[in-house]
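Below you'll find the structure, written out as structure tokens, and then a few comments.
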Amino acid sequence: VLVSKAPWPVFTEKNVDLAAEETEDIVKATLDDTANIIRATNLSPKRILYYTASPWKWKVYLAALAMLEEGSLQLSDLMRKVMADAEVKTHAKQASEYAKKVVSEVSKLPDDVRRRRLKIGTLDEFTALVEASPFYGREFNAEVKVYREDDEKRYDPNDRARFAEPYRSAIFIE
């Protein structure tokens, strides 16, 4: 049987790995963000540092997505919901600031992206960036390190880790 006469494959949604696709998008976006920073600053990087978001930020982000999907996302309701979580509560001041930003950002997401991210839940961005770091190193001819925002032993000379968010790591270039 010739391949040209074989039936065309049929799309099956259950065969799609949403997390893998989103992870690939994160790797690409991080590459683009890094290239844009290098271009804008005209730096020749020796070291590039990436910081991934803390688990409590993921909880706030996903709670906002869920509330919006349910029909109503108000900052006060989001704060009440996330402050019931002990981990988020230990970061109350930061969580309040982050929640304001999240309410605005998730409201602007297209419905399909919002639903997709809610379905996926928390992504392991740290592992994705660690696995991509040799690639980034070759692309930018620099040493690449990846840290979790909440890693107390992280190297973070300009306190950039606090800017890490789900789907967008913080970047520092030396």
Side-chain angles (χ1 to χ4, degrees), residues 13-66 82 85-95 97-99 101-102 104-106 108-110 112-174:
E13 191 167 336
K14 68 178 176 135
N15 293 336
V16 176
D17 186 341
L18 295 176
E21 289 184 358
E22 285 294 326
T23 300
E24 182 179 351
D25 289 345
I26 287 169
V27 170
K28 286 179 189 175
T30 303
L31 177 72
D32 292 342
D33 289 347
T34 305
N36 289 337
I37 292 168
I38 290 169
R39 216 176 0 267
T41 60
N42 205 23
L43 289 172
S44 294
K46 291 175 183 41
R47 184 183 309 169
I48 301 171
L49 308 169
Y50 296 114
Y51 307 96
T52 60
S54 294
W56 69 263
K57 284 185 179 175
W58 277 96
K59 290 178 181 181
V60 173
Y61 185 83
L62 293 172
L65 287 177
V82 298
D85 182 285
E87 182 183 17
V88 176
K89 196 170 187 170
T90 63
H91 300 279
K93 184 175 187 235
Q94 295 165 296
E97 293 170 17
Y98 180 61
K101 186 175 184 180
V102 167
S104 171
E105 286 182 4
V106 300
K108 295 174 188 171
L109 287 174
D112 61 323
V113 172
R114 210 171 46 240
R115 285 188 191 106
R116 179 181 175 108
R117 289 182 176 182
L118 187 58
K119 185 175 182 179
I120 293 167
T122 304
L123 280 176
D124 185 1
E125 292 178 313
F126 177 78
T127 300
L129 294 182
V130 166
E131 290 175 357
S133 63
F135 166 68
Y136 294 144
R138 287 189 305 275
E139 285 294 306
F140 301 116
N141 194 28
E143 176 188 8
V144 175
K145 297 281 187 184
V146 182
Y147 297 96
R148 289 183 169 89
E149 176 185 8
D150 56 2
D151 179 355
E152 293 178 9
K153 296 178 181 173
R154 72 179 183 271
Y155 174 69
D156 191 8
N158 279 30
D159 196 25
R160 300 295 299 165
R162 65 189 167 98
F163 296 112
E165 299 177 12
Y167 291 93
R168 189 163 191 196
S169 59
I171 303 169
F172 180 71
I173 300 174
E174 295 183 309

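Without hydrogens or angle criteria, D85 side chain to E87 main chain gives a donor-acceptor distance under 3.5 Å. Without hydrogens or angle criteria, R154 side chain to E149 main chain gives a donor-acceptor distance under 3.5 Å. Between the side chain of E143 and the backbone N or O of R47, no donor-acceptor pair lies under 3.5 Å. For the pair R160 (side chain) and A170 (backbone), a donor-acceptor distance under 3.5 Å is absent. Between the side chain of K57 and the main chain of A164, a donor-acceptor pair closer than 3.5 Å is present.
The two residues A95 and V88 have their closest heavy-atom pair at CB-CG1, 3.8 Å.
The aromatic rings of H91 and W56 sit parallel to each other, their planes meeting at less than 30°, with 60° as the upper class boundary.
S133 and Y50 share no donor-acceptor pair across their side chains, judged by distance under 3.5 Å alone. When only modelled atom types and interatomic distance are considered, E174 and Y155 share a side-chain donor-acceptor pair under 3.5 Å.
The environment of CZ in R116 is crowded: more than 12 heavy-atom neighbours from other residues, nucleotides or ligands sit within 6.0 Å. Residue D159 places its CG atom among more than 12 non-hydrogen atoms of other residues, nucleotides or ligands, all under 6.0 Å distant.
Counting only residues at least two apart or in different chains, side chain to side chain donor-acceptor pair (under 3.5 Å) contacts with residues 35-45 comprise N36-R39.
Between E97 and K101 there is no salt bridge, since no side-chain N of the basic residue sits under 4.0 Å from a carboxylate O of the acidic one.
In this structure, D156 and Y147 have side chains that are not in contact, with every pair of non-hydrogen atoms separated by 4.5 Å or more.
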